Protein chains: 2
Amino acid sequence: MIIIRAKYLGFCEGVKMAIEKTNKALRESKKKIFVMGPLIHNRQVIKKLSKEGLKIIEDLNELNKDGILIVRTHGLPEPKIKKAIAMGVNIVDATCYKVKSLHKLAKQLVKEGYQLVLIGDHDHAEVGAIKESIKDNVVVISSPDEVEKNKLSRKIGIVVQTTQREENFSKIVNKILEKVEELKVFNTICKASILRQNAAYELSKNVDLMIVIGGRDSANTNRLAEICQGNAETYHIETKDELKKSWFRGKKKIGITAGASTPNWIIEKVEKEIERICTKSK
Amino acid sequence: MIIIRAKYLGFCEGVKMAIEKTNKALRESKKKIFVMGPLIHNRQVIKKLSKEGLKIIEDLNELNKDGILIVRTHGLPEPKIKKAIAMGVNIVDATCYKVKSLHKLAKQLVKEGYQLVLIGDHDHAEVGAIKESIKDNVVVISSPDEVEKNKLSRKIGIVVQTTQREENFSKIVNKILEKVEELKVFNTICKASILRQNAAYELSKNVDLMIVIGGRDSANTNRLAEICQGNAETYHIETKDELKKSWFRGKKKIGITAGASTPNWIIEKVEKEIERICTKSK
């Protein structure tokens, strides 16, 4: 039995930076450190940070006035950030720089007179933040079928959630193209996501089993699982405790990948547990 | 036997306007009237206008200095128009207004810093005029396969020959989309072309035979023939003299369409000849 890691997997630059900023704040400041919603979509990391003092809140009213608010990787709506500042709270912006660029380009398109289409999952935090930041006419479209359901103008500007699949993005753009006279598109899909997606795709074609590690609420991890499922038997887990012996019976090549919010220590624990299960069952 | 005309066929506004301007010049001016290349892609119309005094030239040196130069519907490269003006020649601009808009948008994209892609047929007059007018980096792409062959930048602007098929256009845009970060697209396909294409498609599904009337060098007429071929037995003719009795044997429903540069008098002659053939062979 061999375990093969995907060429690209785990923490991306944006997640790394967010955790470093949070750790720094927890270490160096005596103020209370808050984050609105999960900093990243990984419960194990969040649990660890919570133990060290990070407080996750759902509403700005839960903030201490002399606290520090960390803006999560997915960003926050601008009105919320402004409100926190007005409350006298310090801001540590841990928004992923790719998400920041997406906000900027979305705003630019609106300023240039385009009707804005945001391709993404309706209930994703990144999408929600952009929707609330840009008060103008924004249409969120998650699948090609939804194109018909929206009234689109003849001049459309498109941005896309950083963790979307290229295939879904291009299908939707193509459908919109049929309906417009002018189209301006920024492909804001994160290259780190694409690298992980392509690597997972290639690996899953050549193994008997794929283990995808990462938060169940992590969009990019879910996409990795979706992609692998087409090629191999695939299980999406958060931690080693979810692994089942039966999965590995008769399997020789086992592939591993992990979402951009999955830390290396979780990946390593899973890898060791797979080795243990397979050695034991021999 | 019945003959059914496509809902939209024949002369478009641009062609009508070009012929009116040319007739007016021939009628009202005592100067020699020139056109560089065929005014429209219909030899029968050109023959008629030539008899009335229009002189088709291939090179600006053939111009009389006190003549009038009519700019054909497909447009002329700007350097050529400037040269003609510098020679002291009067200009009558009969460029189709859709083609003029295409020139303007192509220029705008270059000015905005996009690498320009012109989707169109390499040897078409409209494409040639734009290529020569915009001296900057223009890439002409005629099919999806050609996308790979070109070195494209990360910021692409796209315009499309007015008589291209929507399907080819969207396939090419889709291929380019995979490669870029920013894309701005103007769908410059002429709606008159699309109306004729859709009407020909619908009609050809419901007849035994399609007769497509128009110049063999007319891009939009050739597209009509391509579209009809998928659904019904199709013949592309320029005049009634090309009709063959054998085509009509056993046929009950005969569809007719005509390109945007085909005059009504040719369509009517073809229609009458079909009636004559079918009545005679009963």
Side-chain angles (χ1 to χ4, degrees), chain A residues 97-102 104-117 119 141 144 147 152-162 164-195 197-198 201, chain B residues 97-102 104-117 119 141 144 147 152-162 164-195 197-198 201:
Chain A
Y97 63 100
K98 296 279 183 185
V99 177
K100 270 187 126 45
S101 156
L102 170 49
K104 201 182 130 202
L105 295 171
K107 266 194 195 169
Q108 182 189 317
L109 287 172
V110 171
K111 208 177 162 187
E112 286 174 3
Y114 294 93
Q115 182 190 15
L116 188 68
V117 170
I119 295 176
I141 293 181
V147 173
L152 299 179
S153 88
R154 306 292 292 161
K155 195 178 163 186
I156 295 286
I158 299 181
V159 284
V160 49
Q161 181 186 331
T162 57
Q164 280 285 302
R165 284 186 69 175
E166 289 265 5
E167 205 190 335
N168 190 42
F169 165 61
S170 83
K171 276 185 187 161
I172 294 173
V173 172
N174 214 21
K175 273 227 161 181
I176 292 174
L177 184 66
E178 290 169 14
K179 306 186 171 299
V180 300
E181 276 163 13
E182 183 179 341
L183 185 67
K184 189 164 173 178
V185 185
F186 289 108
N187 183 347
T188 48
I189 296 177
C190 171
K191 297 297 167 289
S193 293
I194 294 171
L195 284 174
Q197 286 173 15
N198 292 346
Y201 180 81
Chain B
Y97 63 101
K98 296 278 182 184
V99 176
K100 270 186 125 49
S101 157
L102 170 50
K104 200 181 132 203
L105 296 171
K107 265 193 194 170
Q108 182 190 319
L109 288 172
V110 170
K111 209 175 162 189
E112 286 173 4
Y114 294 93
Q115 182 190 16
L116 187 69
V117 169
I119 295 176
I141 294 181
V147 174
L152 299 180
S153 88
R154 306 292 292 162
K155 194 179 163 184
I156 296 286
I158 298 181
V159 283
V160 50
Q161 181 186 330
T162 56
Q164 280 284 302
R165 285 186 69 172
E166 290 266 4
E167 204 190 337
N168 190 44
F169 166 61
S170 82
K171 277 187 185 160
I172 294 172
V173 171
N174 215 21
K175 274 227 159 183
I176 292 174
L177 184 67
E178 290 168 15
K179 305 187 171 299
V180 299
E181 278 164 12
E182 183 179 341
L183 185 66
K184 188 165 174 178
V185 185
F186 289 109
N187 183 348
T188 48
I189 296 178
C190 171
K191 296 299 168 288
S193 292
I194 294 172
L195 284 176
Q197 287 173 15
N198 292 347
Y201 179 81

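Every chain is numbered from 1, with letters handed out A, B, ... down the list of sequences. In this text the structure is predicted, and so the values were computed from the model without any measurement.
- In this structure, the separation between CD on B:Glu167 and CD on A:Glu178 is 10.0 Å, given to the nearest 0.5 Å.
- B:Leu183 contributes atom CG, which lies 9.5 Å from atom CG of A:Asn187 (distance to the nearest 0.5 angstrom).
- Contacts between A:Lys191 and chain B at a heavy-atom distance below 4.5 Å involve the side chain alone, from C-beta outward.
- Chain A forms the most heavy-atom pairs under 4.5 Å with one residue out of B:Ile158, B:Val173, B:Val180, B:Leu177, and that residue is B:Leu177.
- Remark: B:Lys155 NZ is packed, more than 12 non-hydrogen atoms of other residues, nucleotides or ligands lying under 6.0 Å away.
- Residue A:Asn174 comes nearest to B:Ser170 through the heavy atom pair OD1-O, 3.4 Å, listed as atom of the first residue, atom of the second, then distance.
- Heavy atoms of other residues, nucleotides or ligands lying less than 6.0 angstrom from NZ of A:Lys171 number 12 at most.
- Between the CZ atom in B:Phe186 and the NZ atom in A:Lys184 there is a gap of 9.0 Å [rounded to 0.5 Å].
- For B:Lys175, no part sits under 4.5 Å from any heavy atom of chain A, backbone or side chain.
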